Structure formats: C-alpha cells, structure tokens
Amino acid sequence: MSDAVSYELKGRIAVITINNPPVNALSHGVRKGMQDAFNKLNADPGADAAVLVGGGRTFIAGADIREFGKPMQAPGLHEVLDQMEASKKPIVAALHGTALGGGLEVALTCHWRVGVASLQVGLPEVKLGLLPGAGGTQRLPRLVGPKMAADMITTGNFIGAKPALENGVIDEIVTDLVPGAVAFAEKVVAEKRPLRKVSELTDKVKNVDPKFFEEYRANLKKKVKGFLAPMHCLATVEAACTLPFAEGMKREAALFKELHDHPQRAAQIHIFFAEREAGKIPDIGPEVKPKEIKSAAVIGAGTMGGGIAMNFANVGIPVKILEMEQAALDRGLAVIRKNYETSVARGSTTQATIDKALSLISGTLSYDEIGQADIVIEAVFENMDIKKQVFGKLDQVMKQGAILASNTSTLDIDEIASATKRPEAVIGTHFFSPANVMRLLENVRGKDSSKETIATVMELGKKIRKVPALAGNCFGFIGNRMLHGYTREAAELLLEGAMPWDVDRVIVEFGLPMGPFQMGDLAGIDVGWRVRQGKGTPPEKHNRIADRLYELGRYGQKTQAGYYKYDGRNGTPDPVVEKLIVDTSAEFGISRRKISDEEILYRCMLPLVNVGAQILDEGIAIRSSDIDVIYVYGYGFPAYRGGPMFWAEQMGLEKVLGLIRKYEQEHGSRWKPAPLLQKLVDEKKGWAAAKKA
Ligand code: T1G
C-alpha cells in the first residue's frame, strides 16, 4: 500500500486509513492509495466489508486545493468513487473532524456513514469559486432533499453531527470512532443488508415543484453580489431533481468546468491560502509561545469598544469595559444588548447564546478593577494625547505580563508605547467597524513589541474568529494608508467631471459593498472634516467639496443629507450637490469633461496598488497577499477579484505601471510609481519576488 493509505484487517473488517496530514486532502497519492486499497478489499477473501477512516485530526477535508489549475494526475477522483460505489463489499465511512468537499463526497459514495458527536460536514467549494465536482451535488439532495442541499451547497456552511444524523447524512453517532465503525460494519454484514447506493435514491428528488427553484434562485440572486459560483451550485441541485443521476453528473461536470476555468476561482483560492499565510510571521517561529488570554478589558464603551468586547464574550472570554461616566457606560452596554437582541430576532443566534455572552460582559468606572486582565484594548477617541494618558494609566494598574493594545486606526504605536515603561507589551489591534461583524484584525507591531506580544495577538485573532494580519508601524498602517490615495482620487474626479453617484456606481459594480461617497456619508462628513482640522494643514483643493458640504451642515446619513439626499438609509442624487460640484470646478477654473467608467475605476483602484507596492517595499506588509487579505476582510474588496494586489497582477504589472505613468503625466507627482513596481516590471517578476527574507 502507499504511505498515504494503509489497509489493516480488524477481524473480517478491512480498516482503510488515509494519512495525508494536516487535513487528509485528496492528493494524487491519496487517490492512488485508495484505488489500491479498494482493489485489495474486493480481492481479499479475509475481508467482508471495509471501514474508511482519516488518520490524525480529521476525515478528508476535500480535494487538494493546491492541485487546481494544474493537470490532474490519474486516477481522478471520479474513477476512485466509481470503483467504491461498484464495490461488492459494503464500505462504511467513519467520520471525525471536518468531512468537507471531496471528503464528504467520498463519504456519500460509501454505503453507510457513522460519525463522532463533534463531527462537522459540509460542501464549502462555493467559497473557493467552485462547486462540489465529485457527485456531491447529485448525492446530497438524494439524502437530505433539495432545500437543505441547496442551503449547504450555495453557502458552503458546515452542519454538525446531530443535524447530519437527523437528515440522513450519517446513519449513526458513535462514541469511539474506529471500533464503533467496525461494529457497524459487522452488523451490516451479519444482517446481510443490501448495499445502499445514494445515487440510486430518488424519493427526495422526485416531483420537486419547479417553483421551489424559481423562488430560491430569485432570493439567491439578491445575495450573491457578483460571485458566480452560488448560482452554478443551485443549477446543479436543480439538475439532481430534474435529471437521472448519470445526466445530473454530466451537468455537474460541465458547470464545474465553467467555474474551474473562470478567473474567480483563482482569486478565491488565492484568498483561501492568503488568509492562512497571513498568520505566519517570518521572524516568529514555533518556539515563541503565545500567552493564553483568559480575561480581557476594553477602555471605552463607544461603538468600537462595545463591538470589540462582544468578540471576547462570543468565544467565552470574560471582558470588563471601562468608561469615565456611568451614563456613557450604560449607553454602551445598552447598545451591546440591542445588537445581540437584533441577532436573535434575525435568527442568526439563540437567546441562550446571547444570555451566556452577556453574562461575560461587565462594566466599571475604575481602572483598579481591570488590572488582572490578560489583555486590555484601548478604544477611546482617535487623539494622541488622550491615548497616551490612557496608556500611562494602564502602565500603572495592569499586571506585569498583560498585553496593552490600542485600537487606533492611524496613530503611531511607538509614541503610544512611549507613555509606558513596558513598550514590549504594547501593540496595535486595529478592529474594523462594526467590530463584532467585520472579520479583519489588523495587528500593528511597534519597534519594541516583543515576539511574544505579537504571537499572542495573532493567536487571539483566530480565537475570536477574526482573520489576523500583521502590519508595521506607519501612519494608517496598511489599510488606511492605502485608502487615502483611493479617496483622494475619488475627490479629484468630482472636480474634473464626475458626480458622486457616477463614481459610487462604478465601484459597486466592481464589487465593493459601497463607493467612496456612500462610505463618506455613512462615516460622517463631519468626522472627515474634524480629522483634517486635527492635522492643522492648509485646506487642499480636492477637499473643497467635502468642506463645503460640512459648512452647509450636510454630514451625511446622520443629517439625511451629504453627497446624497437621504430617506432613511436610502440615498439619491441631489441637484443641490450637483450644482455645488459644478460651481466648485468653475471656481478653480476647471473645465469639466466626460470621464469613462474605466478611468474612474483605474483612478480609484490603482492608488491602492501603487501605495501597496510602496508598503511592501518598506516591509510594512510582510507579503502582498497580506494586503489582499486586509482589503477583502476589512474594506469589502470582492474576494472573487482576490484583493488589489492579486487583481493588479492578474491585469499585468506592466499594464498597471503604464496606466500609473499616464496618470502621473496627466495629474502630477501624486501618481509617482512606487520604485518596487518599476523594479518588478523591469525584472518581469511578480509580487512574490518582493517578499522580504
Ligand atoms: N487542500 C490543500 N491544503 C489544505 C486543504 C485542502 N483542501 N485544506 C486545508 N489545507 C491546508 C491549509 O492551507 C493549511 O496549510 C493546513 O492545511 C491547515 O489548514 C472535488 C472541488 C479543514 C476546516 O474547502 O476549510 O473538495 O498553512 O489552517 O483552521 O468537490 O482548512 O499549514 O501550510 O485551515 O484547522 C473543499 C478547506 C476543497 C476545505 C481546517 N474543501 N479547508 O481548518 O486549519 S475543493 C475545503 C478548510 C473540493 C471537490 C472539490 C480548513 C479546515 P498550512 P487550516 P484549520
């Protein structure tokens, strides 16, 4: 047998074990080993049945994602599955950990399935821009019916052992996996049960009302937002309910190929691996042990403080929120309770779950009551003096060994740390609003942040179900520093001829949840104005329109007027703003021109890439894929475009540089290309070549 697959008899049951750590992906070696094992089973007079099990922490977690886009080596998965289904001897899948994608498809091809209580099963291919391509779309509906199959396949969400048992995905929950599965197989043999092939089941897929798919498709259309895969997934489930199995399999294969060959697949797989890569810090090895965070404190019960506290409570970590006044504390705790109640009302969580979380959140007005927390996160007003005061106080009250973190979104971590005698324990933990929802955690290392402090907040990020990425210390770190170029160009485009609703339409069509002016109206035009005042620099031409809106008291959604006029949250173009913009151009002697959608897109997106290249060159970002993770999980950049750096590389860095040079000629030095971009183009290399050692 091959190293990846072993075959061992337990009594008259052959136990076939997959060993391909870390997640037993269906690599070529595993497929070949399975083929050999099942050949051996059917030729083995000493075996009446087989149990298929995964070695280590999980059953098969899918096809080997690294093999996509490369020529597939034989045997292919279909060949192995056909061989398994044709087996003359019963095969029982023994499931633990996460049986996902091709792994669940292998299990669905077995004649029976048992699992342990902690099992998770799912078909998450849609998250990779794909669909289940090994029969999952035809077999799962035959077990659970079209509704549940469509829900699981179009979302990629996992289900636990209990719903899996209740819906027939597994036949039994066993306490001890292999002995339980062997006993189940022996029962099947003893009872001479006929081999049950899921592909032959029809009850749940016949006479399905076509209206079901019409309605499901209409609802799904509202949710997919530019992602191609979900609709293809639904079409395959429909095929399972309208075509014979073999025809349905052909439909699945055809739709799978369409997705496999589409650029979205490469982009979403890039983000899958980028998310995992972002957690690895080159100069921090496994010898650096993260501290365990068993308790937390948050300074400030505002929008960010409240959201940050919820993250800790949601994973069972008690958190204490400190405020200066009782009224502010009460307000903050009330907002948290309301957010939880909204989630229950929406059905995204249960009353029991939020009761537990709320029981872990408490408030205080005294610094003395937070000193024993393992980590404290400061989320007060974005002002250096206030932050240094807070950190000076934290330095006095926090126990030695505690992590002192700041949720600052732009300010200098080293200067904040200078207010303490323990800069090694100070670090930035930049959450994104709403902090209990947005998945990104941009951690910011200061020059004195210790490796242990960094390792701790990177590990914590995963624990509170965020996607952690590490940035170096500079104004605005990675995300906000890049954003400046994007918003600057958007403002310039208004002076030159575009309207806010033109720019926002192009950006939303590109795949972001909103454009820069809708974002400005949501964040508050007054907030932007105050930040500019705070800088104390002379007013700039490109901010004139925003300053005018501020002077007119148009702060955005909160005043029901900003770049748009509002009816609740619904913004519509406003002739008042149109006139204000045209007048401002005239004031600067700018003759307005028609600006193409393509120019709008490039003028807004390419500053992200150019500044991204500069950030990479400075080592503020460890790798370009970290920048992609930050933009996808923090700024709503569509995952099906892979993030700004991946998008640029797909477009071709030479073309990108050409466009930047063109805009430099037309609009001046703010478009000066990053030297790294020039260097990579000269050397005909990609971002990977820029990675610091
Ligand atoms: N292929 C290759 N590598 C994989 C992998 C896979 N399927 N799954 C995980 N890894 C690597 C991962 O990159 C990381 O590597 C390490 O394993 C640990 O992963 C035909 C088309 C299983 C829930 O989409 O969701 O089947 O960084 O850090 O947090 O229909 O991994 O250590 O070098 O994520 O404990 C469908 C993908 C494939 C599941 C474990 N399957 N994996 O989470 O560990 S498409 C999936 C996950 C398919 C068929 C189709 C998670 C996990 P490294 P990790 P984790």
Side-chain angles (χ1 to χ4, degrees), residues 4 18 20-31 34 54 56-70 72 75-82 95-109 118-140 149 152-153 155-160 229 232-233 236-237 249 252-253 255-262 264-266 268-282 285-286 439 458-459 461-469 623 625-626 629 639:
I18 313 282
N20 182 25
V23 296
N24 290 324
L26 286 158
S27 62
H28 173 248
V30 169
R31 297 192 307 271
M34 287 170 70
R57 66 174 173 146
T58 182
F59 188 72
I60 302 164
D64 189 332
I65 302 171
R66 294 181 196 283
E67 291 186 351
F68 289 122
K70 301 181 186 124
M72 191 61 82
L77 187 50
H78 285 282
E79 203 181 325
V80 176
L81 297 184
D82 291 348
L95 310 177
H96 74 302
T98 49
L100 305 176
L104 181 57
E105 292 173 301
V106 166
L108 294 177
T109 310
S118 58
L119 170 69
Q120 296 267 310
V121 303
L123 294 173
E125 286 84 345
V126 69
K127 296 180 179 174
L128 301 172
L130 287 166
L131 56 82
T137 70
Q138 302 309 300
R139 289 192 172 90
L140 187 66
M152 287 179 68
I153 296 174
T155 63
N157 294 340
F158 307 168
I159 63 167
H232 277 55
C233 287
T236 57
V237 176
M249 287 295 280
E252 176 192 277
L255 290 165
F256 179 88
K257 183 160 184 349
E258 274 182 33
L259 292 179
H260 182 276
D261 299 347
H262 193 281
Q264 290 198 2
R265 184 267 303 165
Q268 288 179 254
I269 287 182
H270 165 73
I271 290 297
F272 174 86
F273 286 117
E275 185 181 327
R276 283 147 184 85
E277 212 52 28
K280 301 170 188 161
I281 315 302
R439 292 199 55 210
M458 293 303 284
E459 185 65 27
K462 287 191 194 140
K463 187 167 182 181
I464 59 175
R465 305 187 196 127
K466 298 293 182 193
V467 177
R623 49 188 84 87
S625 59
D626 290 1
V629 161

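Model, not experiment: these values are computed from the prediction. In this chain, residues are counted from 1 in sequence order. Read the numbers this way: they start at 1 and go in the same order the structure lists the ligands and their atoms.
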**ligand 1 N/O within reach of Ala61 N/O, cut-off under 3.5 Å** = yes
**Fill in**
Rounded to the nearest 0.5 angstrom, the CD-CD distance for Glu125 and Gln268 is 12.0 Å
**Heavy-atom donor-acceptor pair, Thr109 side chain to Glu105 backbone, under 3.5 Å** = yes
**Request:** Could you tell me whether the side chain of Arg439 reaches within less than 4.5 Å of the side chain of Val467, counting heavy atoms only?
**Result:** yes
**Complete:** heavy-atom search around atom 49 (C) of ligand 1 in the protein gives Glu105 OE1, 3.2 Å
**atom 11 (C) of ligand 1 - nearest protein heavy atom and its distance** = Pro22 CG, 4.4 Å
**Prompt:** How about Gln120 and Thr58: do any of their side-chain heavy atoms sit closer than 4.5 Å?
**Reply:** no
**Request:** Can you pull out the closest protein heavy atom to atom 3 (N) of ligand 1? Residue, atom name and distance to 0.1 Å, please.
**Result:** Phe273 CE2, 4.2 Å
**Message:** Can you list everything that forms a side chain to side chain donor-acceptor pair (under 3.5 Å) with Asn157? Sequence neighbours excluded, please.
**Reply:** Thr155
**For Phe256, atoms of ligand 1 separated by under 4.0 Å from a heavy atom** = 21 (C)
**Request:** Can you sort out which atoms of ligand 1 are near Asp64, meaning under 4.0 Å from one of its heavy atoms?
**Result:** 1 (N), 2 (C)
**Item:** Side-chain ion pair, Lys70 and Glu67, N-O less than 4.0 Å
**Value:** no
**Complete:** Out of Lys280, Glu252, Arg276, the nearest non-hydrogen contact to atom 51 (C) of ligand 1 is supplied by Arg276
**Fill in**
In Val80, Val106, Asp64, Leu81, the residue satisfying side chain to side chain contact (heavy atoms under 4.5 Å, CB included) with Arg31 is Val80
**Request:** Give the atoms of ligand 1, by number and element, whose distance to some non-hydrogen atom of Val23 is under 4.0 Å.
**Result:** 4 (C), 5 (C), 8 (N), 9 (C), 10 (N)
**Request:** Return the option from Pro124, Ala63, Gly101 holding the heavy atom at the smallest distance from atom 46 (C) of ligand 1.
**Result:** Pro124
**Prompt:** Which one holds for Leu26 and ligand 1: side chain close, backbone close, both close, or neither close, with close meaning a heavy atom under 4.0 Å?
**Reply:** neither
**Asked** What is the closest protein heavy atom to atom 15 (O) of ligand 1, and at what distance does it sit?
**Response** Arg66 NH2, 4.1 Å
**Complete:** ligand 1 atoms nearer than 4.0 angstrom to some heavy atom of Ala25 are 1 (N)
**Prompt:** Do any nitrogen or oxygen atoms of Gly133 come within less than 3.5 Å of a nitrogen or oxygen of ligand 1?
**Reply:** yes
**Asked** Tell me: protein heavy atom nearest atom 1 (N) of ligand 1, and distance?
**Response** Ile65 N, 2.9 Å
